Amino acid sequence: MSLVRNIENQIKKVLEQAAIEAQEAGALTFAALPDYVLEVPREKVHGDFAANIAMLLAKEAKMAPRKIAEIIVQHIHTQHTWIDKIEIAGPGFINFYLNHTWLYEVLPLVIEQGDYYGRSEFGAGKKVQVEFVSANPTGVLHMGNARGAALGDSLAGVLEAAGFDVSREFYINDAGNQIEKFGQSLEARYLQLLGHEVPFPEDGYHGQDIIDTMQTLIDEKGDKYLTMDEALRRELLVKYALEVKIDNIRKTLEEFGVYYDVWFSEQTLHDSGEVAKTIATLKNDGYIYEKEGALWFQTTKFGDEKDEVVVRGNGIPTYFAADIAYHKNKFQRGFERVINIWGADHHGHVARMKGAMEALGYDPEQLTVILMQLVRLFRGGEILRMSKRTGTYVTLNELMEEVGRDAARYFFVMRSPDSQMDFDLDLAKSQSADNPVFYVQYAHARICSILRQAEEMGYELPQVSLEECHVLSHPAEITLIRKIADLPDEIISAAENLAPHRMTTYAHDLASLFHGFYTNCRVLTDEPELRHARLLLTKATGICIKNVLHLIGVSAPERM
RNA sequence: GCGCCCAUAGCUCAGCUGGAUAGAGUGACAGACUUCGAAUCUGGAGGUCGCAGGUUCGAAUCCUGCUGGGCGCGCCA
């Protein structure tokens, strides 16, 4: 339980007790306590916490909210609490003003917990899976994948910090139509590179990377596939190229700071018969019918607009069929919650996927799909298309080269998944110092610099007692400590709302408060007590910044 | 035509399950370094929260309709 939660509980307790006492004394009438909110007011003058309970009771108690507030306040006992003062304001808010010394406890706590400060047991070890990127293995990673990677990994990090048992997973679409086309494309390039004039498939993969991959193969293994049976040749070329491609994707993601627990192959679902078994189960339960030679799944039963093919007329299951089997497999692995991050262009798939889970007897609520709006790339004021077919995309590798990993990750995480992103490459390149990530990192570097100098001057990082913290009374100090105290709850809130972008907001606020503190309060002063306490505060801030940045995969440099 | 997402300061975006006077960054303007990092700080300027209704003590937030933009509606994935 965080310090802040403790305080909130204390206030709620005395507040609710007061309301009940008033009721028992006959001063107020209501059946049950309303679902009120205790929140931190936006305006400082409104106190440290505010409750809206009086307004919510107004109708039932048939009394003016301010009058109700007055009655409740009369019954509040503030002995043995941190409450200094209570005021009634506005339409009937009850505002609590606290003795701010309650905050000091957080500083030794941060130092003691170090890298762990901010983490909590909120998730109680529940198994959660986050599946993200799952890019087509026939190509390289583009900007959409980059956003998904930054978002998914940060979300996983936030969930982990909030106490969930998180597994990061990449689903490899190594089966189906696209692999057929991939094989045809590879074969055509292979033959062309060896001097044979063969046509390139119209809907094949035109990217340069396919040519490069085949050139490498030729350099390594020569022309031994020329005389082979065509089907076998394509199979071997695909096997080789997929391995190379997936390995590249893995390496690129690792450079981006993203590591997966599981790389899950679609092909294994076909090989193990899970796809066929899943279709059979659905058929048995009457969700599947035959029409025009194909098998259709009645997704309309679950609110979809039209039914969906699961097995084509040629007997080959569709991607959708494999995906149902895949999600069934996820739940069979015991995840209490499954989170997918998909591009907005897949949104039509969400309802039928949930419907399929329901048909299989799972609770569709356990599956959450985060739809991420697409990234539009601008260069020279013009939109770049991200099609894999044309080969004119900008890759994640190029992005990292141009703006750096930290800036790229921070930039992607900063925005809510719902917002469309225009990524201006020229801007990112030419004015990268404008990126807020530097602001936060600068605060951390500054902190490290102060701590280094303190060390050089022979000032020990002291074991500071709570009493010594009381010298911290400047408003800049108090607001900074308050922010530090908030970290565990901020992380929980980001986890609950699946909103990792809140962490960048927090990081920026924290950095800003530190810069303000730095400007107003000299850390390395000659007064030992004050210096000790401020060094402690400085160090605690540094720990928070570092922990938050690491959560979202951004480094916290000690020098810049 | 149907479905999903979005519309907040000149620009890019926050705004936690409905709360009090809607916030940052950036751009422009005016200031602050003989002392811990000026990649910083301090000011003011900038808003019919797309439009119109509705629910509520109270709406940027919830409901309905409309306008404008993105995406989707395949025996592709």
Side-chain angles (χ1 to χ4, degrees), chain A residues 35 37 39-43 45-46 50 52 54-56 58-59 64-66 89-93 95 134 136 138 173 175-179 181 203 266 291-296 303-306 308-320 322-323 343-351 371-374 376 414-422 424 427 431 433-436 438-439 441-443 445-454 457 489-490 493-494 496-497 499 501-502 504-505 508-509 511-512 514-516 518-525 531 534-535 538 559-560:
Chain A
D35 197 12
V37 178
E39 62 185 354
V40 178
R42 186 157 30 81
E43 301 293 328
V45 295
H46 293 133
N52 64 346
M55 281 107 84
L56 298 176
K59 190 172 267 181
R66 288 192 66 114
F93 286 104
N95 294 338
S134 299
N136 191 330
T138 59
N173 296 122
N177 258 356
Q178 56 176 1
I179 296 299
K181 281 179 199 164
D203 52 355
E266 176 186 348
K291 191 179 89 180
E292 294 162 7
L295 291 183
W296 297 72
D304 207 358
E305 295 162 43
K306 51 187 162 184
E308 198 68 22
V309 171
V310 280
V311 180
R312 292 190 266 268
N314 60 12
I316 298 172
T318 61
Y319 164 87
F320 181 46
D323 219 15
D345 52 339
H346 286 66
H347 82 259
H349 197 55
V350 176
L371 289 174
M372 172 184 76
Q373 296 301 311
L374 303 181
R376 287 197 308 177
M414 205 166 61
R415 280 155 173 77
S416 119
D418 287 336
S419 76
Q420 275 178 155
M421 267 187 79
D422 288 344
D424 189 325
L427 191 75
Q431 303 186 330
D434 288 342
N435 196 303
F438 294 106
Y439 181 82
Q441 288 182 323
Y442 180 67
R446 206 177 212 186
I447 285 166
C448 291
S449 169
I450 294 171
L451 296 177
R452 275 196 302 271
Q453 287 186 45
M457 294 163 85
D489 297 305
E490 290 282 349
S493 173
E496 274 185 297
N497 294 286
H501 68 275
R502 291 214 191 138
T504 58
T505 308
H508 191 274
D509 288 349
S512 173
F514 178 76
H515 287 312
Y518 176 88
T519 307
N520 284 292
C521 308
R522 190 176 170 79
V523 177
L524 300 177
T525 147
R531 186 176 66 234
R534 285 181 175 167
L535 274 172
T538 301
R559 289 188 171 84
M560 296 174 69

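Here is how names work: the chains are called A, B, and so on, in the same order as the sequence lines, proteins then strands, and each is numbered from 1. The structure displayed is predicted, hence computed values, not measured ones.
Across all strands, E292(A) comes closer than 4.0 Å to base atoms (heavy-atom distances). C448(A) comes within 4.0 angstrom of nothing in the nucleic acid, heavy atoms only. Residue contacts shown for H501(A) are limited to sugar-phosphate atoms, with no base heavy atom under 4.0 Å away.
The side chain of K306(A) lies closest to C73(B), out of C73(B), U56(B), C41(B). Picking from A14(B), C75(B), A77(B) the nucleotide with the shortest atom distance to the side chain of A294(A) gives C75(B). When distances run from any side-chain atom of H349(A) to the nucleotides A24(B), U40(B), A77(B), the shortest one goes to A77(B). Side-chain atoms of R312(A) lie closest to A77(B) of the nucleotides C36(B), U40(B), A77(B). Among the nucleotides A38(B), C75(B), U40(B), the one closest to the side chain of Y518(A) is A38(B).
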B/S/- along nucleotides 17-22 of chain B (protein heavy atoms under 4.0 Å) is --BBSS

What does the B/S/- profile of nucleotides 3-11 of chain B look like, 5' to 3', with a 4.0 Å heavy-atom cutoff to protein? BBSS-----

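Helical stems in RNA chain B, defined as runs of 3 or more consecutive Watson-Crick or G-U wobble pairs with both donor-acceptor distances under 3.5 Å, are listed by first residue as B:1-5 with B:69-73, B:10-13 with B:23-26, B:29-32 with B:40-43, B:50-54 with B:62-66.
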Using atom names, set out every protein N or O paired with an N or O of nucleotides 28-34 of chain B below 3.5 Å, distance rounded to 0.1 Å.
none

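For the pair R446(A) and Y518(A), the cation-pi test (distance below 6.0 Å, angle within 45°) is passed.
Applying the side-chain hydrogen bond (donor to acceptor under 3.5 Å, both in side chains) rule to S493(A) yields the partners R502(A); only residues at least two apart in sequence or on another chain are considered. Under the side-chain hydrogen bond (donor to acceptor under 3.5 Å, both in side chains) criterion, N52(A) pairs with no residue, sequence neighbours left out.
Taking 90° from 0 as the syn/anti boundary, the base of C51(B) is oriented anti.
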